[in-house]
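Order of the sequence lines sets the chain letters (A, B, ...), proteins ahead of strands, with each chain counted from 1.
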There are 2 protein chains.
Amino acid sequence: MASPRRADALENRERIVAAARAAIAASDEVKLNAIAKDAGVGQGTLYRHFPTREDLLAEVYRGDVDVLVAAAPMLLADNPPVEALALWFERVADYAQIKRGVFAAVEAGVWRALSAHSIGPIGDAVSALLAAGRAEGTIRADVDARDVILLIGYLTRLDDEEWEPRARHLLGVVLDGLRTRS
Amino acid sequence: MASPRRADALENRERIVAAARAAIAASDEVKLNAIAKDAGVGQGTLYRHFPTREDLLAEVYRGDVDVLVAAAPMLLADNPPVEALALWFERVADYAQIKRGVFAAVEAGVWRALSAHSIGPIGDAVSALLAAGRAEGTIRADVDARDVILLIGYLTRLDDEEWEPRARHLLGVVLDGLRTRS
DNA sequence: ACCTGAACACCGTTCAAGT
DNA sequence: ACCTGAACACCGTTCAAGT
């Protein structure tokens with residue numbers, strides 16, 4: 001059977017993630033040393049499990065991201081592409097509104113970790129939406145997933161007062177920019 | 001006549017700004033203590049003149065911003081509004097390409113300092129461009145300067161490899177989103 | 001009035017020593 | 001193998017003491 005040490009390590013890892021989640025929920029802050037202390041582990045242990053801050057954040061949000069990603073093909077199955085993209089934007093907005101503080105706190109670290117140049121799962125979801133619209137001729141052919149992620153990145157820079165008037169409204173503007181012009 | 005001390009203070013101020021400019025040019029970095037040292041003043045002196053980092057950066061870029069702002073009415077005088085906006089975007093792109101490192105280094109601090117909620121001079125320039133297009137019916141009526149500044153904020157998040165393929169191209173996408181739909 | 005720079009605070013990161 | 005936490009590095013910011 002697996003050595004007992006392995007179980008220790010796994011449990012530590014989970015405690016670190018839980019502590020990070022709690023810290024973020026409490027104050028949108030991601031202070032690595034504080035998280036290690038909350039988790040009851042040494043700082044070095046945190047670094048062993050998560051070499052970079054983004055590694056930790058990616059783990060914290062993995063589940064949420066999975067949901068967002070899984071939504072794309074489902075929306076595409078039931079809607080025309082542009083509509084699916086619009087609805088997916090809605091979900092992104094809902095999610096970003098809740099997690100906005102985090103995004104700001106980590107300086108787009110999450111987006112970078114989840115999208116980056118290698119695109120990642122979020123990028124795959126966007127790619128699928130774009131491809132469907134492109135095939136249909138309703139989404140312009142000269143944009144890719146990274147373009148869309150860059151354009152909607154303003155969501156991370158909205159504070160509370162600005163959210164309501166601008167977040168969804170600007171997603172509509174972006175969507176219009178992505179459409180083919182009649 | 002003014003006390004000699006005043007001259008000292010003014011000269012210090014200028015040396016700080018010059019040191020900041022040099023530091024940014026050399027490495028895109030804005031380390032306050034290092035700038036104070038380069039300028040040959042104590043850290044406290046830097047803080048006396050520029051209470052916040054943004055105060056310092058705003059001063060460093062004041063001239064550049066003035067040029068960008070002044071261009072808006074000139075472009076409007078010679079071009080239809082949408083064209084003027086497109087050309088102004090070009091200038092923003094040119095400027096952002098050179099200063100991009102700075103923007104990234106200060107985490108959108110410059111934009112925030114120069115635009116913020118109070119909008120600022122850049123916001124006024126954008127407002128003029130939007131108003132002209134709105135009057136003509138070619139720019140949608142439901143966007144304001146802050147919206148545009150948020151949308152083009154992705155420029156601060158592009159690195160060197162991404163600049164060429166995406167910067168100008170995405171400005172075109174944004175512009176299409178701002179147009180009224182036919 | 002204005003300036004200096006030591007000192008403090010804070011956070012990230014490493015690594016020698018332990019188990 | 002894995003963990004601990006002291007120690008180091010780095011920067012921003014303040015403030016008592018000087019001129």
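- Computed from coordinates, the Arg48(B) CZ to dC2(C) P distance equals 5 Å when rounded to whole Å.
- Residue Phe89(B) is tested with Val148(B), Leu129(B), Asp94(B) for a side-chain contact (heavy atoms from CB on, under 4.5 Å); the sole match is Val148(B).
- Pair check for dT19(C) finds dA1(D); Watson-Crick or G-U wobble, both atom distances under 3.5 Å.
- Salt-bridge annotation for Asp38(A) and Arg21(A): absent, with no side-chain N of the basic residue lying under 4.0 Å from a carboxylate O of the acidic one.
- With both pairing distances under 3.5 Å, dT13(C) is matched to dA7(D) as a Watson-Crick or G-U wobble pair.
- Taking the charged nitrogens against the carboxylate oxygens, Asp144(A) and Arg166(B) do have a contact shorter than 4.0 Å, which makes a salt bridge.
- Side-chain nitrogen and oxygen atoms of His49(B) include none within less than 4.0 Å of the OP1 or OP2 phosphate oxygen of dC2(C).
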Revision key, fill the gap. Under a 4.0 Å heavy-atom criterion, the protein footprint on nucleotides 4-13 of chain C, written with B, S and -, is BBBB---SBB

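- Remark: the Thr52(A) side chain and the Asp55(A) side chain contain an N/O donor-acceptor pair separated by less than 3.5 Å.
- A donor-acceptor contact under 3.5 angstrom links the side chains of Asp142(B) and His169(A), judged on distance only.
- Salt bridge present: Asp176(B) and Arg179(B) bring a charged side-chain N and a carboxylate O closer than 4.0 Å.
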